[in-house]
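Chain letters run A, B, ... following the sequence lines, proteins first and then strands; every chain starts at 1. For the numbers below, each heavy atom of this structure counts, side chains included, while hydrogens, waters and symmetry mates do not.
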Amino acid sequence: MTGTSAAPRVRIAPSPTGPLHIGTARTALFNYLFARHTGGTFILRLEDTDQVRSSIAYEKDILDGLHWLGLGWDEGPEVAGEAARGPHAPYRQMERLPSYAAAAERLIAADQAYPCFCTPEQLEADRKAQEAARQPPRYVGRCATLTPEERAAREAGGRRGALRFRVGEGIVAFDDIIRGHVEIDVSNLGGDFVIARADGTPLYHFSVVVDDAAMEISHVIRGEDHLSNTPKHILLFRALGYPEPRFAHLPLILNADRSKMSKRKSQTAVLDYIAQGFIREALVNYLALLGWATGTEEEMLSLDEIVERFDLEAVHKGGAVFDRERLEWLNGQWIRRLDADELIDRLRPFVEAELRAGRIDWMPSDDELRSLLPVIQERLPTLGAIGDLVGFLWVDQVAVDAAGLVPKRWDAATTRDGLTAARATIETVGEVTFEADELEPPLRALAEARGWKAGDLFMAIRVAVTGRTATPPLFDTLVALGRERTLQRLDRALEVLASA
RNA sequence: GCCCCCAUCGUCUAGAGGCCCAGGACGCCACCCUUUCAAGGUGGAGAUCAGGGGUUCGAAUCCCCUUGGGGGCACCA
């Protein structure tokens with residue numbers, strides 16, 4: 001156990017082998033929450049020792065995503081011209097190789113680790129045999145008892161061994177902050193495990209321990225998938241003479257079928273959520289409530305409010321299914337809370353995306369967006385829904401077909417009459433000012449005079465000018481469209497009806 | 001196969017022995033509002049608290065077993 005009085009030091013240690021995953025974001029969030037709540041330090045470390053799968057592009061995606069979420073770190077790697085921050089730089093494991101080599105030397109000197117010359121083929125054969133015998137996979141220990149002469153002989157042949165850690169015997173116990181007392185017999189660990197590749201690069205179980213010790217991590221808060229591996233880490237902390245941090249294993253985020261959330265079955269990339277128009281307030285709020293609750297009935301909480309209330313010991317043990325519908329609801333709630341300027345700023349990129357995708361023909365001005373806010377703000381489940389909601393305002397022409405133009409209770413002839421009359425009314429009324437309040441009464445009067453249900457007439461107009469049956473309120477929509485374009489679209493619809 | 005973890009409405013959860021024949025939210029249904037769609041309001045369906053044993057005057061809450069689910073067991077992280 002570490003000292004209890006010092007401020008906590010926690011870390012998020014993603015490996016840049018893929019885009020920022022929802023699960024990583026949640027783990028980062030909980031570490032951040034714990035650090036901020038306790039006045040501790042939040043550290044970011046990149047675990048890039050898997051050279052084959054790691055890439056700088058993923059690293060950027062992860063860092064950008066965490067920034068986007070508002071989860072700033074106190075200590076972390078240099079990035080984009082910025083110097084590394086914190087007393088334990090560097091924060092990329094591939095830049096810390098000497099420290100692992102030194103730790104490895106100490107273990108070898110103490111005979112707690114030894115080189116293993118087994119080939120991948122041999123290991124694979126062992127595994128197959130164990131599987132056939134219905135035995136759990138485990139390293140058979142072929143190289144555990146090599147004499148110095150035997151080692152020398154193998155090394156003379158130019159072969160370099162991977163480094164294995166001697167697991168020994170006994171039971172490792174620890175008190176997980178979330179799960180309570182956990183005990184595991186090391187005989188179930190699968191035998192002596194590899195801590196460094198033949199090329200000298202460290203493996204996760206090793207580098208994570210060396211770095212957590214070096215960076216004085218006091219609380220290791222991570223996913224439950226690491227629970228079974230924790231004894232390996234504890235063994236290494238002890239062998240290296242380092243104090244053991246406290247552990248807290250978070251429940252997993254699950255697919256709908258309750259398996260660990262995966263790319264195959266769920267949308268896992270944070271960047272994809274961002275691209276669809278989920279906002280950080282909602283994502284953070286939602287993620288915080290996956291596996292943790294305030295104990296009250298409040299559920300819309302800002303990051304700061306969550307920090308205030310967060311309690312690691314109140315985190316659940318059971319996994320939680322990721323429910324996108326609930327996220328969308330929360331997102332809509334948060335969008336409605338955004339003030340005008342903020343919403344416009346956040347909406348702009350999504351309108352630009354519509355333009356790039358060719359779904360609209362020009363870019364509306366900020367003022368135009370602002371004037372639309374009263375009717376769209378409560379209708380956006382995501383920012384990305386903007387195009388679908390009002391994209392028809394920014395296209396040269398909407399697609400309408402004769403059948404679609406005719407309201408359910410009407411026929412083509414009535415629709416023709418209705419639109420013709422409505423056009424005339426709108427043209428007349430709109431001569432002076434073109435406002436929703438001015439347009440509605442005369443059109444209602446028109447419907448009344450002709451014995452039409454106002455809703456039917458409105459629906460015919462709606463489809464004629466927007467090409468859709470579901471839109472924001474009609475008169476606001478006409479105003480947004482403007483008199484000229486409203487009339488043009490009515491004319492166009494009438495032409496379509498005539499030629500049908 | 002072995003080890004570990006977990007278990008309250010479909011989902012996220014409240015609940016830390018009596019306030020619970022279980023509360024809230026999402027989703028679903030109905031109604032209200034209403035020109036459509038949303039939003040909002042009101043109401044409803046939905047959990048014998050996985051099952052079975054205990055402990056206790058009393059258990060969703062404590063213990064045990066069973067079942068179910070998940071995770072781990074790489075020269076991945």
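- Using a 4.0 Å heavy-atom cutoff across all strands shown, A:Leu227 reaches sugar-phosphate atoms only and no base atom.
- Set against B:G27, B:C75, B:U11, the side chain of A:Trp329 has B:G27 as its closest nucleotide.
- The residue A:Asp225 sits close only to the backbone: its heavy atoms come under 4.0 Å of sugar-phosphate atoms, none of a base.
- Atom name P, nucleotides B:A60 and B:G23: the rounded distance is 14 Å, in whole Å.
- On the C1' atoms, B:C5 is 24 Å away from B:G10, given to the nearest whole Å.
- Heavy-atom nearest nucleotides on RNA chain B were determined for A:His226 and for A:Thr296, and the one closer to the 5' end corresponds to A:Thr296.
- Across all strands shown, A:Tyr286 has no heavy atoms under 4.0 Å from either base or sugar-phosphate atoms.
- No salt bridge links A:Lys128 with A:Glu131; every basic N to acidic carboxylate O contact stays at or beyond 4.0 Å.
- Note on A:Gly291: only backbone sugar-phosphate atoms sit closer than 4.0 angstrom, heavy atoms only; bases stay farther off.
- For B:C5, the base has no donor-acceptor partner in the side chain of A:Arg179 [N/O atoms by modelled type, under 3.5 angstrom].
- Taking the C1' atom of each, B:U55 and B:G17 are spaced 11 Å apart, rounded to whole Å.
- Between the base of B:A74 and the side chain of A:Arg127 there is no donor-acceptor pair shorter than 3.5 Å.
- Within the nucleic acid shown, A:Ser259 comes within 4.0 Å of sugar-phosphate atoms alone, with no base atom in reach, counting heavy atoms only.
- Put simply, the side chain of A:Arg462 and the base of B:U35 share a donor and an acceptor less than 3.5 Å apart.
- Phosphate contact (OP1/OP2 of B:A14, side-chain N/O of A:His316, threshold under 4.0 Å): present.
- Distance check on atom P: B:G41 versus B:G24 gives 15 Å, rounded to whole Å.
- If you check every strand for non-hydrogen atoms under 4.0 Å, A:Ala293 touches sugar and phosphate atoms only.
- Considering all non-hydrogen atoms of both residues, A:Arg483 and A:Gly430 come closest at CD-O, 3.2 Å.
- Listed nucleotides B:U11, B:U35, B:A77 differ in distance to A:Val321; the shortest reach to its side chain belongs to B:U11.
- Base engagement by A:Pro472 is indicated by at least one non-hydrogen atom pair under 4.0 Å involving a base atom.
- Rounded to the nearest Å, the gap between the P atom of B:C12 and that of B:G70 is 14 Å.
- Across B:U67 and B:G51, the matching C1' atoms stand 7 Å from one another, rounded to whole Å.
- If you check every strand for non-hydrogen atoms under 4.0 Å, A:Arg336 touches sugar and phosphate atoms only.
- Between A:Thr49 and B:A77 there is a side-chain N or O to OP1 or OP2 distance below 4.0 Å.
- The ring of A:Phe310 has its center closer than 6.0 angstrom to the ring center of A:Phe30.
- OP1 or OP2 of B:C76 lies within a sub-4.0 Å distance of a side-chain N or O belonging to A:Arg197.
- With A:Tyr139 as the aromatic partner, A:Arg164 meets the cation-pi criteria of under 6.0 angstrom to the ring centre and within 45 degrees of the ring axis.
- Residue contacts for A:Pro251: at a heavy-atom cut-off of 4.0 Å it reaches no nucleic acid atom on any strand shown.
- Where A:Leu254 and A:Leu203 meet RNA chain B, the nucleotide closest to each residue was compared, and A:Leu254 sits on the side nearer the 5' end.
- Among the atoms of the strands shown, only primed sugar atoms or phosphate atoms (P, OP1, OP2) are found under 4.0 Å from some heavy atom of A:Gln333.
- Phosphate proximity of B:C73 to A:Lys232: absent, as no side-chain N or O sits under 4.0 Å from OP1 or OP2.
- To the nearest 0.5 Å, atom CG of residue A:Asn188 and atom CD1 of residue A:Ile171 are 9.5 Å apart.
- Going from the P atom of B:A22 to that of B:A50 covers 15 Å, rounded to whole Å.
- As judged by a 4.0 angstrom heavy-atom cut-off over every strand, A:Glu131 is placed among residues making no nucleic acid contact.
- Ion pairing of A:Arg359 with A:Glu354 is present here, as a side-chain N (NZ or NE/NH1/NH2) and a carboxylate O approach within less than 4.0 Å.
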